Amino acid sequence: MFYETFMSLWFYLFLALLLMSGYALIHAALQREDAFRAADKQTKPFWLVILGVSVAVQLAIPMLLLVLVGTVATIVYLVDVRPAVRAVSGGGGGGRGGWSSSDGPYGPYNGNR
């Protein structure tokens with residue numbers, strides 16, 4: 001009984017990590033390529049390869065060490081790269097993003113102050 005409970009917990013943990021990596025891969029695929037450069041992060045193809053390999057390894061070879069390496073890459077993307085790319089893309093959330101009426105073509109106009 002303990003063994004079945006332990007194995008089902010591992011299954012749900014691996015499933016959660018797989019879903020998290022899949023979400024990060026889909027998010028990276030839907031972002032503009034120039035947003036990664038503007039945020040001063042690695043390129044979009046770099047993150048697509050890293051996250052794609054992470055998802056593939058978790059599906060094909062669910063060994064704990066390989067899953068942990070993929071999870072670390074996913075967490076780095078979600079915690080560091082995703083917010084920077086969203087801020088550059090104008091999807092900052094919380095009402096912070098978007099354009100203001102005083103924004104010019106190169107940023108906000110401050111009236112030479």
Side-chain angles (χ1 to χ4, degrees):
M1 173 149 163
F2 176 73
Y3 180 75
E4 290 101 17
T5 305
F6 182 73
M7 292 309 288
S8 66
L9 287 175
W10 275 113
F11 171 76
Y12 289 121
L13 177 66
F14 276 76
L15 182 63
L17 295 177
L18 177 64
L19 291 174
M20 185 173 67
S21 295
Y23 170 75
L25 177 63
I26 291 170
H27 183 271
L30 294 177
Q31 300 305 308
R32 296 186 342 238
E33 197 277 328
D34 61 334
F36 287 84
R37 285 181 282 137
D40 199 26
K41 302 297 176 186
Q42 292 290 333
T43 63
K44 180 178 179 175
F46 172 84
W47 283 109
L48 289 176
V49 167
I50 294 295
L51 296 170
V53 167
S54 173
V55 169
V57 164
Q58 289 179 16
L59 286 172
I61 316 166
M63 292 175 42
L64 183 61
L65 182 63
L66 296 176
V67 171
L68 288 177
V69 169
T71 300
V72 168
T74 300
I75 290 171
V76 166
Y77 177 82
L78 290 176
V79 171
D80 183 39
V81 178
R82 181 177 171 259
V85 169
R86 286 185 64 189
V88 168
S89 302
R96 298 180 321 192
W99 294 93
S100 169
S101 62
S102 65
D103 283 352
Y106 305 108
Y109 176 73
N110 62 6
N112 292 327
R113 290 181 226 156

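The figures here come from the full heavy-atom set of this structure, side chains too, leaving out hydrogens, waters and symmetry mates. Keep in mind it's a predicted model, so treat the numbers as computed, not measured.
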Under a 4.5 Å side-chain heavy-atom rule over Ile, Leu, Val, Met, Phe, Trp and Tyr, are [X] and [Y] clustered together?
X   : Y   : answer
V79 : F36 : yes
V55 : L48 : yes
V76 : V67 : yes
F46 : L25 : yes
I61 : V49 : yes

Go through the steps to decide whether R37 and D34 satisfy the test side-chain contact (heavy atoms from CB on, under 4.5 Å), and finish with yes or no. CA-CA 5 Å; R37 285 181 282 137; D34 61 334; 3.4 Å; yes

Reported [atom1]-to-[atom2] distance for the pair [X] and [Y], which is rounded to 0.5 angstrom:
X   : Y   : atom1 : atom2 : result
L68 : T74 : CG    : OG1   : 11.0 Å
F11 : L13 : CZ    : CG    : 11.0 Å
S21 : L78 : OG    : CG    : 8.0 Å
L17 : T71 : CG    : OG1   : 4.0 Å
H27 : Y77 : NE2   : OH    : 5.0 Å

Let me see the working for Y23 and L51 under side-chain contact (heavy atoms from CB on, under 4.5 Å), right down to the final yes or no. CA-CA 10 Å; Y23 170 75; L51 296 170; over 6 Å; no

Heavy-atom closest pair, residues K41 and A84: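 That closest heavy-atom pairing would be CE-CB, 3.7 Å.
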
Distance-only, no hydrogens or angles: does the K44 side chain make a donor-acceptor pair with backbone N or O of Q31 under 3.5 Å? yes

- Steps toward side-chain contact (heavy atoms from CB on, under 4.5 Å) verdict (Q58, F14): CA-CA 8 Å; Q58 289 179 16; F14 276 76; over 6 Å; no

Q. What is the ring orientation for F2 with F6, classed by angle as parallel under 30°, tilted 30 to 60°, or perpendicular over 60°?
A. parallel

Are the side chains of M20 and I75 in contact, using a 4.5 Å heavy-atom criterion?
yes

